[in-house]
Amino acid sequence: MKFYKDHYDVIVIGGALAGLSSALMLAEKGLSVLVLERHNLPGGIATSFVRNGIEIEAALHEMMSIGSKDHRLKVGKFFDDMGVDIDWLKVPEAYHASLPGLEVTLHPGFETFAREVDQAVPGTYEKVMDVLKLCHTVFDSVNELSIHPMSKPQMLLKHEAFVKTAGYSTKEVLETFHLPQQALDLLSPYWIYVGSGFSELPFTIYAVLMADYVGYGSYIPHKFSHEMSLKMAERAEDMGVQIEYRQHVDKILVKNGRVTGVRTARGDEIHSDYVISSSYPNNVYTHMIEPLSEVPEKAIQMVNGRRLSLTAFSVIMILDQTAEELGIRDYSVFRGETMDTDQCFEELKGLGPYRYITCICHNLANPDATPAGTCSYSITTLPRVDGWKTVKAEDYDRVKHEAAKQLIDDMSSYLGFNLLDHILEIVIETPMTVARYTDAWNGCIYGYAHTMEDHIVARLQTAEEEKFIEGLEFAGAHQISGDGMGPAVTNGRKAAKNVLDAMIAQGRAQGR
Amino acid sequence: MKVKNFLKDVTGASRVTKARLQAFENASAVPVARDPIREAVQERHPDMTEMVVTEIRPASPTSKTIRFSRTDGKKMPIFYAGQYVSIALPIGSPIENSAGSSGNGPDHVPNVTGRIVCRPYSISSAPYEARAEEEPFIEITVRNSGKDGFAAEYLCHGLKAGDHLLGSIGHGQFYYEPLRDSKKIVALAGGAGITPFASMAKEIAHGTMDAELTLLYGSVSADDIVLKEELEQIDCPRVKIVHVLSGDNPGWEGEKGFLNAELIRRYAPEDASFFICGPQAMYRFLREELKKLNIPARRIRYEVFGQARDVTALPGYPAEKKNDVYTLTVRRGIHEDQIPARACESLVTACERAGIILLTDCRSGECGFCRTKVISGEYYVSPENDGRRAADKDFNYIHACAAYPLSDMTIKIPIV
């Protein structure tokens, strides 16, 4: 029996947001594309599951870079352009910050946000606006430069703020604004979405994050992340992409420095001159390349020289009353005993107690999220994988439950009622859960940490030198734009563009 | 904006690029191939475990307990008391309705040749037994009363000690979750539905599950009680077992009748969690009885009940179609097969009859392991066990173990 064609223009390993974005873009150019996904549905962690008839979101799933119908940002526009029609719901607030001495709800829109910070910490409006304006200028530059690279002198001329902040950490740049500590605290909670403390985090990344989320707000798909993943997969299939589920790619076949195809765990050898891997470079260069002798030392040094970023620990609950009945007022709450992000980051090395946490009540953005009379409440922290690596199989349940209990107790005291008295369903997701369903290296959802040694500007500069095998591209959180569902799409598009450029160079595909 | 220090600096981009290259140059060139997180997942949730039958013994006049060890002698994967194993049965020889049924039920697959069908069975042994230092094992207890299908027939009569089977261990949501459930568990079991509770009872008695169990176990007659002797051997103040017989049993001194509100009220402690496992008819009865006791929804958990024995009894099934046979086109990759599919049998059964492997876990429409794309055609899914995601419904995905053809159909399934 023959399940595959003799040859595909491109094989994409992994049918999550990045891989499907690659597939969509390549199919649009008329290429034959095969997507091999190891799970039985698309999306990776951008998915949902069903417990006792109740659908539950699997991920902390606010999408950035979508924008309103009238003012689409790059990811929203990509979906529109590809004909992926998602029913987006706007998240009502930026976040509620629950920090020492501060209980403040902030809403998207620069002026609104700055005004609300000013109400909490009077006299800060101008300075906060200055920070946000700088962020927005850098954000615009990054968006333009990621599509139209230019020479350094040109960059300095047209993208001065971007160039001049590139060498500095978030901490260094924010300090120059001399904001009162509490105002600074209110500008800090999103740090967890990029997973590095401010002394390490490139300001460029902070700027993009703040401009995008605070400037334009975030969006969620009406029927959970699975709506987005499934609609991408369906659209790709409509465009001729072959997607095969439950196909685990074991090997990427390489000959004389060039990709020739893949082999699945089932034993199928499938031929293609281009492979886009969603699997981490760590896994590809230490397990998947066949033969491993084709992997140059520099590739190993590159993966060893980078630090894995964060993974996820989530307690997801369906509660037996509505948010209104329970007195839950905010869609998202960021809560911490300190907003010293470097200190928060240190704490994430362990197995708890986790003091910096993010909570989402899904129903407050999507009233249909759960059956009538119930609501969904999730508590998430994004630990580093270090602590979880040490957990023995026999201790796993105890560790998982202790960590979950601490988060539940902490939020119960914040909410003023005991969550434990209202749990209809509970699911605890750990790094092991991530690894089980996505096979992500070390269960890591965030790729490599954004640091001053692994800076997005440097990633862009050295991207060409970090291609070690011809025809092999990568797509996923481990790529240039880093973590998050929006950046996953951008990373997937970049991989597709690299393949197209290579094909054009070899006369295999036509340019625009 | 004031002039900031950084605004004088135009070399940042070069600096961070140098820092990156330097970091790579300083890094080790020795591959780090180990991934402790994925290794932990492999240990805990191996896709399949190679098992050997080490013992078969009667559990009642009509049921047997089958013990499995790993072929390599290592510990079994960790599972929670109440979970099931999905066993892949390599049934190779024709079984001609030896169960003596009409052949019309979903489980009755005659002339099965050389292939794999999967069946879920609650694990009746305790988790601690799977992790024992000496001879770790799991057990399932299978009833074969003559109407339990060909898989039960095969397990009870075709299988012998020394046979090898593949099992996927530790599935299902029917287990005690300490953050959700009351420590005081009331188990309501009917017939062969005793098995998950046997596992819980033994785990509690062993001191490795911190809960109290009141087990109300309904059978027709004393002879029908599955695992009777094993249950009697459990000597633990935290496990209380009450047998309830519904049939005419002269000389029976114990509880009689059905598991109803009155009986439950007498035995159930305050603020208990109710776990229910048994035939579908019992669920329908108990839903009403538990309403009378005002038990909150979060304190009631039902085990899934497997494929429907009689699809025509399901709500909204068009009974006039039950004898129809349609053409089912099954797509795997670019390959297509055309096979017959009976309206009264699930799409999984149609594939199994034709020797096309469509792997399943729960076979109850719940878990989604057999998620399948419908390209064209009409089908029926019971609202009682529709475990699909909302977007999946919009795009015609089904769980093939719980979907029935109502016209010629084309589906796409994973390549196995």
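We use all heavy atoms of the structure for the numbers below, so side chains are in, but hydrogens, waters and symmetry mates are not. Chain naming here is simple, since letters A, B, ... match the order of the sequence lines and numbering starts at 1 in each.
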Residue part contacting chain A, namely of [X], when any heavy atom lies under 4.5 Å:
| X | value |
| --- | --- |
| B/Y397 | side chain |
| B/R389 | both |
| B/R34 | backbone |
| B/V304 | neither |
| B/C367 | neither |
| B/N385 | neither |
| B/L21 | side chain |
| B/K412 | side chain |
| B/I78 | side chain |

I'd like to know if the side chain of [X] and the backbone of [Y] have a donor-acceptor N/O pair within less than 3.5 Å.
| X | Y | result |
| --- | --- | --- |
| B/D35 | A/N442 | yes |
| A/Q247 | B/I415 | yes |
| A/Q301 | B/A27 | yes |
| A/E55 | B/A390 | yes |
| A/N304 | B/V30 | yes |
| A/R266 | B/V416 | yes |

### Query
Considering residues, nucleotides and ligands other than A/D238, do more than 12 of their heavy atoms fall under 6.0 Å from its CG?
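Yes - once you tally the heavy atoms of other residues, nucleotides and ligands closer than 6.0 Å, there are more than 12.
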### Query
Charged N to carboxylate O under 4.0 angstrom, B/R20 versus A/E465?
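A salt bridge is absent here (no side-chain N lies under 4.0 Å from a carboxylate O).
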Heavy-atom distance under 4.5 Å between the side chains of [X] and [Y], does that happen here?
| X | Y | value |
| --- | --- | --- |
| A/M1 | B/R332 | yes |
| A/E425 | B/E177 | no |
| B/R15 | A/H455 | no |

### Query
Out of curiosity, B/D181 CG to A/I426 CD1, how far, rounded to the nearest 0.5 Å?
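Rounded to the nearest 0.5 Å, the CG-CD1 separation comes out at 10.0 Å.
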### Message
So for A/I243, is it side chain, backbone, both, or neither that comes closer than 4.5 Å to the heavy atoms of chain B?
### Response
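Backbone only.
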### Task
Select one option (side chain, backbone, both, neither) describing which atoms of A/D320 are under 4.5 Å from chain B's heavy atoms.
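Contact with chain B: side chain only.
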